[in-house]
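Values in this document were obtained by computation on a predicted structure and should not be read as measured data. Convention: sequence-line order gives letters A, B, ...; per-chain numbering from 1.
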Number of protein chains: 2
Amino acid sequence: MKTIKDVAKLAGVSVATVSRALNKSGYVSEKSQLKVEAAIKELDFYPNEVARSLFQKKSKLIGLLLPDIANPFFPLVAKGVEDKVNEMGYKLILGNVQENPLKEAEYIRTFAQNNVAGVLSAVESSSNNLKNMPFVMLDRITSDKEYSVHSDDYQGGMLAALAVSERSPGQVVVMVGPRSVSNSLVRLAGSVKVLEENNVAYQLFETESYQFDSAQESAYQLFELFPDVKSIIASNDIHALTIMREAIRRGLTIPTDVQVIGYDDNPYSKLMYPSLSTIAQPAYQIGYKGAEILCNRIEGLKVKEKTIQLPVKLEIRESLRKKEN
Amino acid sequence: MKTIKDVAKLAGVSVATVSRALNKSGYVSEKSQLKVEAAIKELDFYPNEVARSLFQKKSKLIGLLLPDIANPFFPLVAKGVEDKVNEMGYKLILGNVQENPLKEAEYIRTFAQNNVAGVLSAVESSSNNLKNMPFVMLDRITSDKEYSVHSDDYQGGMLAALAVSERSPGQVVVMVGPRSVSNSLVRLAGSVKVLEENNVAYQLFETESYQFDSAQESAYQLFELFPDVKSIIASNDIHALTIMREAIRRGLTIPTDVQVIGYDDNPYSKLMYPSLSTIAQPAYQIGYKGAEILCNRIEGLKVKEKTIQLPVKLEIRESLRKKEN
DNA sequence: TATATGTATGTAATCGGTTACACATTAAAC
DNA sequence: GTTTAATGTGTAACCGATTACATACATATA
């Protein structure tokens, strides 16, 4: 790899001048600038980011913590993050936490050891450990003292419950995501409000994880516990799809016998048959906007709002019954 | 952030001794070792990886190039990569190339600028630009001079064609992935061999991308071009699911009117109704094994085989008709 | 006792950049 | 024509680690 010294020698100037030319900082004569640029081109020189970041105590890397990349919601978030972050000249260190607090802590330490400029996290607990770096929470709300971008979970919970209420609900089961994830509690609150306002009877079914593997078991348990369920408000699309599959396996017809609504609107939901009705979250936007806020903070610009709430949208598809009246 | 100097001062030794104690290299008396360890613990010190990597000209970071994280095959690969790489003390810089050669080149340059220890790439073209770093190709085969881990595409192509051939194929359409991706050509060769051996008539249908968005349009075109198709060998599960959806939209029944087989076995395929028959690729294994080879190369261990081919498996589900006889 | 070897430690150079500072030159102001 | 300010450039310190080298001491060998 070529270094700034090689460039300096070829251009016939000092390393300081090369550095100034490179960063367009300080005074550089036009003549020197051109000589340096020519030398850089000739040598195909690119500055070593490691050396830069050692001196600056700040790299061009941003840490991204995700709970589970296998959940298709998060790759979309990651894509939004990546696009914005690249636009601003940063790259991502990926941390897939897999609901494992040890991995999480390890990643946060590694981020620090690598002088990351900041961290974007979709993992609830991390906010405690991120005290020393600028960070923005994605999707998860923690406290309103921290920067975060998330969608309107309360509204989402209401919309889902409303969609079900309007469609001969029968026995309703509301699936509640892991207690540790506060979104799921907010959604629940929204759903409960609507259900109670409409005098719809409902029961709760808790799931301890958002992960793929556990969904199968959850779906099975749900039908064992509530064999007469007529409407299910699932905690996300993966669960919803798995529930639909389990219903079909049990010889139930969707939506006639059981109607289901999911959450997230992952790309597969509309491909399924019957297609899944769901509350669409702007995953890409969440990532993009979060990255924008983080980059602005890093660059020292002031960011007006700490918490940005993006709207959710009800997607009516085939997994819901026809509306009454 | 605490530095090695702080540790040295607190422990009452020189920075050299701290470094030696830290890395267990050279001579360190037991007494010094203990003093250093105590100081490290007291200060909660972790070495700055940036400084390390500047001196070593090699970081503990590994670049990962993926064509599209939104395709659920790749998050699984990434998970395998991440698990192995973490095990060996490395972290990942993520590069989502999105079939864009410029982004790819930019990522490769960034990897170099950050002194990555090596690169794992699932993007075909990258092998040309990676000359200066150790790298292993994932999923894609390039030349047998390069390290790679991929699954047995020829076998996969054969299995898919065989499954179809045995089930009253009728008019068969074989979908061919982008020409630039050599896997798809190998698969095609496998399929063609079986189809011709069994005297099954077939037609080709080319798709220019593996991306999500284009799948919809492809599915539509396929049925426009071949309205009487009875069997479809799709180039991956996303396409297969989209095709099934389009078939249903057109009032066709699966598998009676049209049978479909996919490729990859992504987690959604078995949730679909009817569930999608497919050729399962060991995505996680590909990532894990690739990472293992790369890490071994980085650590200077010799790696026996350059190319590792993992087996594929036929998953018969509901999207295929009953076998004849 | 003199010499060689192993153990232990510190000083300083090094990695490849950035930047504070000193110094030189030129242009503008008085 | 001197003073002042603006411009341009180089030397060297610095970021936080690692390691070559010098040195010191203890022990073993002759």
Side-chain angles (χ1 to χ4, degrees), chain A residues 1-37 39-40 43-61 89 109-117 132, chain B residues 1-40 43-61 89 91 109-117 132:
Chain A
M1 247 266 220
K2 304 284 179 293
T3 77
I4 205 174
K5 271 189 192 166
D6 302 317
V7 176
K9 194 183 294 175
L10 183 62
V13 297
S14 74
V15 292
T17 300
V18 175
S19 175
R20 281 187 289 251
L22 211 54
N23 301 298
K24 311 213 177 305
S25 65
Y27 294 115
V28 180
S29 69
E30 195 167 341
K31 213 175 108 196
S32 298
Q33 182 76 38
L34 291 175
K35 281 194 294 180
V36 169
E37 279 167 10
I40 286 176
L43 294 174
D44 190 34
F45 163 85
Y46 287 97
N48 183 323
E49 282 296 336
V50 176
R52 270 189 172 165
S53 113
L54 177 59
F55 187 86
Q56 314 277 3
K57 295 168 187 286
K58 194 190 201 182
S59 73
K60 284 291 189 180
L61 297 172
R109 203 181 56 228
T110 309
F111 290 166
Q113 289 180 282
N114 283 283
N115 288 174
V116 295
N132 306 313
Chain B
M1 246 267 223
K2 303 283 180 294
T3 77
I4 206 174
K5 270 189 191 165
D6 302 319
V7 176
K9 194 183 291 175
L10 183 62
V13 297
S14 74
V15 293
T17 299
V18 175
S19 176
R20 282 186 290 251
L22 211 54
N23 301 297
K24 310 215 177 303
S25 65
Y27 295 114
V28 179
S29 69
E30 195 164 343
K31 212 175 108 196
S32 297
Q33 181 77 39
L34 291 173
K35 281 193 295 180
V36 168
E37 279 167 11
I40 286 176
L43 294 174
D44 191 33
F45 163 83
Y46 287 98
N48 183 323
E49 283 295 338
V50 175
R52 272 191 170 165
S53 113
L54 177 60
F55 187 86
Q56 314 277 6
K57 296 170 188 281
K58 195 186 193 181
S59 74
K60 284 290 190 181
L61 297 172
K91 303 289 155 179
R109 202 181 55 227
T110 310
F111 290 166
Q113 289 181 283
N114 283 283
N115 289 172
V116 294
N132 306 313

Within the pair [X] and [N], is there a side-chain N or O less than 4.0 Å away from OP1 or OP2?
X	N	answer
Thr3(B)	dG16(D)	no
Lys57(A)	dG16(D)	yes
Ser14(A)	dG10(D)	yes
Thr17(B)	dG10(C)	yes

Do you know the tightest heavy-atom contact between [X] and [Y]?
X	Y	answer
Ala8(A)	Val18(A)	CA-CG2, 3.6 Å
Arg52(B)	Asn23(B)	NH2-OD1, 3.2 Å
Val13(B)	Lys35(B)	CG1-NZ, 4.0 Å
Leu22(B)	Ile40(B)	CD1-CD1, 3.4 Å
Val36(B)	Ala21(B)	CG1-CB, 3.8 Å

From [X] atom [atom1] to [Y] atom [atom2], the distance as rounded to the nearest 0.5 Å:
X	Y	atom1	atom2	result
Met1(B)	Gln113(A)	CE	CD	6.0 Å
Thr110(A)	Tyr46(B)	OG1	OH	10.0 Å
Ser32(B)	Glu37(B)	OG	CD	11.0 Å

query: For DNA chain C, what residues of residues 4-12 of chain A have any heavy atom nearer than 4.0 Å?
result: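 By residue number: Ile4(A).
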Heavy atom of residues 20-32 of chain B under 4.0 Å from DNA chain C: which residues?
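Nucleic-acid contacts, sorted: Arg20(B), Tyr27(B), Val28(B), Ser29(B), Ser32(B).
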Tell me which residues in residues 44-56 of chain A put a heavy atom below 4.0 Å from DNA chain D, sorted by number, or none.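 Under 4.0 Å from DNA chain D: Leu54(A), Phe55(A).
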Can you tell me how far [atom2] of [N] sits from [atom1] of [X], to the nearest Å?
X	N	atom1	atom2	value
Lys60(B)	dT18(D)	NZ	C1'	14 Å
Lys58(A)	dT18(C)	NZ	P	15 Å
Gln33(A)	dT9(D)	CD	P	10 Å
Asn115(A)	dG17(C)	CG	P	16 Å
Lys2(A)	dG17(C)	NZ	P	12 Å

From CA spacing to verdict: side chain to side chain contact (heavy atoms under 4.5 Å, CB included), Ser59(B), Asn114(B)
CA-CA 7 Å; Ser59(B) 74; Asn114(B) 283 283; 5.7 Å; no
The residue among Val7(B), Leu10(B), Leu43(B) that forms side chain to side chain contact (heavy atoms under 4.5 Å, CB included) with Lys2(B) is Leu43(B)
Q.
For Asn48(B) and Asn115(A): C-alpha separation, side-chain torsions, deciding distance, then whether side chain to side chain contact (heavy atoms under 4.5 Å, CB included) applies.
A. CA-CA 8 Å; Asn48(B) 183 323; Asn115(A) 288 174; 3.7 Å; yes
Whichever of Ala16(B) and Val18(A) has the more 5' nearest nucleotide on DNA chain C, that residue is Ala16(B)
